[in-house]
Amino acid sequence: MQYRKDRYGNELSALGYGCMRFTRKAGGIDLPKAEREILKAVELGVNYFDTAYLYPGSEAALGEIVERNGLRERVRIATKLPQYLIRSRAAVDRYFDEELKRLRTDHVDYYLMHMLTDLEAWEKLVSLGIEDWIAAKKASGEIRQIGFSFHGNTDMFLKILAAYDWDFCQIQYNYMDEVSQAGRRGLEAAAEKGIPVIIMEPLRGGRLTGLLPREAKELIAAAGKKEASGSKQSAAYTPARLGLRWLWDQPGVTVVLSGMNTEAMVEENCRLASEALPGCFTAEERALTEQVRAILNARIKVPCTGCGYCQPCPRGVDIPSAFRFYNDVYTEGRISGMRGYFQVVGLRKEPALPTQCIGCGKCEQHCPQGIAIIAELKKARKALLPLPVRAAIAIGSRFIMAGGKKRAAE
């Protein structure tokens with residue numbers, strides 16, 4: 001594992017563990033599975049673990065695993081204040097105290113103002129006395145370092161960066177977001193101020209790995225075969241490797257978060273992180289990235305990362321799944337996209353289709369990507385739900401409901 005330093009010289013693993021995507025099962029997070037994956041990550045050198053108040057069950061799961069295995073001194077915990085829910089100074093204390101209880105700790109190593117999108121959101125907190133609150137918590141040791149996570153445009157990021165003496169920040173950044181969100185300009189501005197940058201969505205919620213178009217996957221596989229033929233080693237050349245190395249190549253990047261949910265993924269990403277030195281990206285990899293980016297830009301319809309901030313929909317629409325399979329129609333093929341949507345969403349006992357949208361706009365208020373969700377859902381509906389698919393869903397739903405009633409009667 002390679003390590004990079006925070007503002008005060010503490011070593012942070014180049015690979016961080018994003019705890020938003022723990023595997024779930026009926027009733028909540030699959031805790032034994034998450035525990036095995038976290039222990040494997042710690043064993044391989046990961047020491048930065050990122051969670052948030054609004055990640056369902058995540059803080060409590062992380063806290064229980066860390067406490068049970070005596071890991072508190074070996075890991076750095078990052079969590080977030082849901083600033084968009086704050087209406088008073090008392091609410092700040094209430095949320096923070098609840099987070100400490102969930103995490104089973106007396107301090108948070110890295111505390112973030114969650115999802116700032118504009119300067120106004122920070123100024124609202126300032127008007128409630130957040131600066132004095134932060135100073136008091138840092139003085140007591142309950143918060144070690146303070147930062148913010150950001151979704152918005154580059155100019156707004158620069159304004160927030162300049163508005164306070166931050167210890168670190170967290171941005172969405174990958175080779176598809178180089179000139180959007182905070183972008184490379186924001187990353188380099190933070191580096192110039194000596195502010196460490198934590199990277200979220202490095203692979204765009206899988207969009208740059210398993211959900212890549214077939215053409216892009218074949219391009220990367222061919223590059224891997226070429227590389228292997230030129231050396232004695234045949235290390236796996238994968239889309240994840242391309243995306244992660246693109247980030248670690250940049251000295252302004254401190255930690256790259258990955259929402260790992262298999263032990264194999266943990267092992268592979270830790271192996272990649274062991275080679276994570278600035279300047280590691282080759283000219284061949286850079287050219288390959290440009291080719292993949294061109295393919296994606298030509299095909300992706302909605303820049304959804306599957307983060308889930310738009311959920312829950314008041315009408316039950318599964319928005320991230322609708323956009324995932326809508327994009328699949330154009331990246332994997334029409335039949336593949338519709339089939340996937342039918343299987344994953346269409347056959348649910350509780351309907352979650354775009355047809356249920358009433359255009360209330362609640363989802364758009366929370367979307368970090370600024371997607372025009374209502375308009376895009378209409379397009380997704382047209383692509384994913386032609387008449388034959390709607391008919392199949394209706395028949396399948398009746399079958400499922402009939403089966404449920406039969407089991408209840410038995």
Side-chain angles (χ1 to χ4, degrees), residues 21 172-181 183 199-228 236-247 256 258-259 261-262 264-265 268-269 272 281-282 284-308 318-346 354 367-373 375-377 379-386 389:
R21 293 188 169 97
Q172 175 177 317
Y173 187 57
N174 51 67
Y175 63 74
M176 289 299 293
D177 286 316
E178 188 171 11
V179 294
S180 61
Q181 296 271 335
I199 303 299
M200 57 182 160
E201 300 290 0
L203 302 173
R204 275 235 186 154
R207 187 60 56 190
L208 304 184
T209 52
L211 300 178
L212 277 174
R214 188 176 297 108
E215 181 184 353
K217 291 178 182 177
E218 291 173 352
L219 195 66
I220 293 171
K225 290 179 181 178
K226 181 179 179 181
E227 181 188 58
Y237 199 105
T238 65
R241 174 187 169 181
L242 187 70
L244 294 175
R245 282 171 59 82
W246 184 87
L247 289 163
V256 176
S258 176
N261 52 24
T262 69
M265 189 184 298
E268 171 65 6
N269 286 357
L272 293 172
F281 215 52
T282 66
E284 290 77 12
E285 287 174 309
R286 204 170 302 282
L288 179 59
T289 301
E290 292 302 320
Q291 290 176 287
V292 173
R293 179 161 33 199
I295 292 170
L296 282 167
N297 282 332
R299 297 193 182 194
I300 282 179
K301 297 297 180 180
V302 184
C304 174
T305 68
C307 70
D318 184 341
I319 299 167
S321 290
F323 289 156
R324 171 189 168 183
F325 292 107
Y326 176 43
N327 281 329
D328 282 355
V329 166
Y330 294 92
T331 57
E332 295 293 329
R334 186 166 178 264
I335 299 302
S336 176
M338 289 191 297
R339 181 177 62 243
Y341 190 70
F342 174 76
Q343 293 171 338
V344 174
V345 181
C367 178
Q369 313 304 321
I371 297 168
I373 293 176
E376 294 298 342
L377 272 179
K379 298 175 185 176
R381 171 185 172 180
K382 185 176 180 180
L384 295 169
L385 297 172
V389 176

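Worth knowing before you read on, the calculation uses all heavy atoms, side chains too, and leaves out hydrogens, waters and symmetry mates. The structure presented is a predicted model; accordingly, all values stated were derived computationally and were not measured.
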Nearest atoms (heavy-atom pairs only) where [X] meets [Y]:
| X | Y | value |
| --- | --- | --- |
| A322 | L377 | CB-CD2, 3.9 Å |
| G306 | P320 | CA-CB, 4.2 Å |
| A223 | L288 | CB-CD2, 3.7 Å |

For R334, side-chain contact (heavy atoms from CB on, under 4.5 Å) partners two or more places apart: V329, M338, P386
May I ask you to test the [X]-[Y] pair for a side-chain heavy-atom distance under 4.5 Å?
| X | Y | value |
| --- | --- | --- |
| L242 | F281 | yes |
| R324 | D328 | yes |
| L208 | V292 | no |
| V345 | L384 | no |
| P354 | Y326 | no |
| E285 | R245 | yes |
| I373 | C367 | yes |

Between R293 and Y175, is there a donor-acceptor pair closer than 3.5 Å when you use the side chain of the first and the backbone of the second? yes
Kindly state each residue pair satisfying side chain to side chain donor-acceptor pair (under 3.5 Å) with at least one member in residues 208-221, sequence neighbours excluded. E215-R299
Only counting residues at least two apart or in another chain, list the ones meeting side-chain hydrogen bond (donor to acceptor under 3.5 Å, both in side chains) with [X].
| X | answer |
| --- | --- |
| R21 | none |
| N327 | none |
| S321 | D318 |

Holding to salt bridge (Lys or Arg N to Asp or Glu O under 4.0 Å), I want the full list of residues that pass it with K382, two or more places apart in sequence or in another chain. none
When rounded to the nearest 0.5 angstrom, what distance separates SG in C304 from CD in E376? 10.5 Å
To the nearest 0.5 angstrom, please state how far the OG1 atom of T289 sits from the CG atom of L219. 10.0 Å
Counting only pairs under 3.5 Å, give me each side-chain donor-acceptor contact of residues 200-207, with atom names and distances, residues two or more places apart or in other chains.
{"from": "E201", "atom 1": "OE1", "to": "G205", "atom 2": "N", "distance (Å)": "3.0"}
{"from": "E201", "atom 1": "OE2", "to": "T305", "atom 2": "OG1", "distance (Å)": "3.2"}
{"from": "R204", "atom 1": "NE", "to": "D177", "atom 2": "OD2", "distance (Å)": "3.3"}
{"from": "R204", "atom 1": "NH2", "to": "D177", "atom 2": "OD1", "distance (Å)": "2.9"}

What residues form a ring pair (Phe, Tyr, Trp, His ring centres under 6.0 Å) with Y173, not counting sequence neighbours? W246
